[in-house]
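Inspection log for the structure reproduced underneath, given as structure tokens.
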Amino acid sequence: MSLESKKFQKKSEDIAFDIKHRDKIKFNISRYNAAVEKGELRYADINIARNRAAAQKREVLKNLHTYLLQFEEKAIANNNEVLWAQDSEEAIGYIQDILKTEKAKLVVKSKSMTTEEIEFNEGAEAIGVKSVETDLGEYIVQVAGEKPYHIVTPAMHKSKQDIADLFHVHFGTDIDGSPEYLTNFVREKLRDDFINADIGVTGANFLLADIGGIAVTENEGNAIMSASFPKTHIVIAGIEKIIPSYKDLGTFWPLLSAHGTGQQMTVYNTIYTSAKKDGEIDGPEKMIIILLDNGRSELYSQPTQAESLSCIRCGACLNACPIYKNIGGYTYDATYSGPIGSVITPHFKHFGSYKHLSFACSLCGRCEEVCPVKIPLPKLLLHNRKDSVERGNVSFVEKMSTNFTSSVFQSRALMDFLPGSLKNAGLTMVQSKLIGDKRKLDGIAKESFSKQWSKKRK
């Protein structure tokens, strides 16, 4: 068992029985579910949109190389600089070089899971540059010294009183401040950062191959200000974010909104193609796009799991997952949590160290039902499990116990070999190891079902 697996089991037990924590998640996800239900009803038939989006993303995966080169060509023609980063280390190297060249002291950053993946803030701070999150949820977790809890809702694990207490400690705000009061406080505080920042950083919800542009969807306007106020705009995006054309946004933007927040459309939807042109007053003077691999090519090489690169990061599978709702986001110890994170994280990181995430699933299938691009997540998790065995990422004890159990379950004679009293005695000895000390099994019947059935028939 890897160190990461042991940590996962310990954290899972702690969170699963933290009633206050679970109540917060239950409350926040229930609000999400109600909003998304309304959002999906805006479609006459949402499955038509899902099928179209799924087909488009699968077509992209078949021709990923072609679309990426087309994007690069168009983006360079727009006078942008395009950099390819093989991994986090190379991406941070590029970023640090840019910050040094621009003599940056302050960076404003909009919400981006890709920047979390490469630990952008830590990389900037390592060379003395302050990086400020400008999305409200991201700002809250940054002040708390935490990472995003959820792909879409970074501070889902905090109640409004948690946030009021946090801001009171750090900024001296009213400890009973309302959400409106706290939001206005952050708005005023960030205005100075937007004005004074040297660099603005965004991710990209979609890369548009035909025009070499990036599409960003948001609700707060902070991405627009991060991209337009500073002199330099850095875009960091995973290579899987590519779609063929800006015309495809008619499918993807509403679908992402409906599944991510339940909205018909998010408040701000922007396409960026370049820095400001001659004669334009507003906008950055330079736009640099970093295309990140960081394990995506390894995942792309997998015959089956490559399909997970179709993900549009709506977060729907997290909110539907009974495991996520019980153990929360931090337990995964990864940028991407929930079902999609359990599929991709072993490939983005060390497979042997993170293969346990693929086993943290009941295979209920709910995640596949809600996925807007129809990724068969349970199937992909099963393939990860299969690969973990074929790669030798299983202990001798695990392999032997699995083989023994399989042999017993395939033989009625072996299952009935020991009497119920001995089975119960054995169960008592290992019960706490199997299900923890907070649950209890009533025991095994004194006679097996087959014996009871035989008696009944006689």
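In this chain, numbering begins with 1 at the start of the sequence shown.
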Between [X] (side chain only) and [Y] (backbone N and O only), is there a donor and an acceptor less than 3.5 Å apart?
X    : Y    : answer
D293 : D87  : no
T202 : A227 : no
N319 : I29  : no
Q142 : G137 : no
S2   : S353 : yes
T405 : T402 : no
R50  : L255 : no
T173 : F167 : yes
S388 : R385 : yes
H150 : M156 : no

For this session: Dump the intermediate steps for side-chain hydrogen bond (donor to acceptor under 3.5 Å, both in side chains) on T115 and K109, then the final yes or no.
Result: CA-CA 9 Å; T115 59; K109 186 164 79 65; 2.8 Å; yes
Exercise. If you measure only the distance, is there a donor-acceptor pair under 3.5 Å linking the side chains of S406 and Q410?
Worked result: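 On atom types as modelled, these side chains qualify, holding a pair under 3.5 Å.
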Exercise. Do H21 and Y149 have their ring centres less than 6.0 Å from each other?
Worked result: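 Between H21 and Y149, the centre distance is under 6.0 Å.
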Exercise. Is the ring centre of F351 less than 6.0 Å from the ring centre of H347?
Worked result: yes
Quick check for you: to the nearest 0.5 Å, what is the distance between [X] atom [atom1] and [Y] atom [atom2]?
X    : Y    : atom1 : atom2 : answer
K374 : R58  : NZ    : CZ    : 9.5 Å
K349 : S88  : NZ    : OG    : 9.0 Å
H383 : Q305 : NE2   : CD    : 6.5 Å
I242 : F71  : CD1   : CZ    : 6.0 Å

Exercise. Can you check side-chain hydrogen bond (donor to acceptor under 3.5 Å, both in side chains) on Y43 and Q264, steps first, answer last?
Worked result: CA-CA 9 Å; Y43 283 86; Q264 185 169 357; over 6 Å; no
Any non-hydrogen side-chain atom of [X] less than 4.5 Å from a side-chain atom of [Y]?
X    : Y    : result
E146 : K158 : yes
I118 : L292 : yes
V201 : V108 : no

For this session: Report the C-alpha distance between L64 and L68 in whole Å, list the side-chain angles of each, state the deciding distance to 0.1 Å, and finish with yes or no for side-chain contact (heavy atoms from CB on, under 4.5 Å).
Result: CA-CA 6 Å; L64 185 60; L68 286 170; 3.8 Å; yes
Problem set entry | Evaluation steps, side-chain contact (heavy atoms from CB on, under 4.5 Å), between K130 and V107 | CA-CA 6 Å; K130 182 180 180 182; V107 172; over 6 Å; no
For this session: Take D165 and Q161, measure what side-chain hydrogen bond (donor to acceptor under 3.5 Å, both in side chains) needs, and give me the verdict at the end.
Result: CA-CA 6 Å; D165 292 342; Q161 190 57 54; 2.8 Å; yes
For this session: Start with the C-alpha gap between I312 and F206, add the side-chain angles, then the distance that decides, and say whether side-chain contact (heavy atoms from CB on, under 4.5 Å) holds.
Result: CA-CA 8 Å; I312 61 174; F206 304 100; 4.0 Å; yes
For this session: Could you label the plane-to-plane angle of the Y139 and F171 rings as parallel, tilted or perpendicular, counting under 30° as parallel and over 60° as perpendicular?
Result: parallel
For this session: Could you give me the CA-CA distance, side-chain angles and deciding distance for S308 and L299, then say whether side-chain contact (heavy atoms from CB on, under 4.5 Å) is met?
Result: CA-CA 8 Å; S308 62; L299 180 55; 3.4 Å; yes
Problem set entry | Y336 six-ring centre to R313 NZ/CZ under 6.0 Å and within 45° of normal | yes
Problem set entry | Nearest atoms (heavy-atom pairs only) where P154 meets D135 | CG-OD2, 4.0 Å
Exercise. Which residue, N205, T261, T217, forms the side chain to side chain donor-acceptor pair (under 3.5 Å) with T266?
Worked result: T217
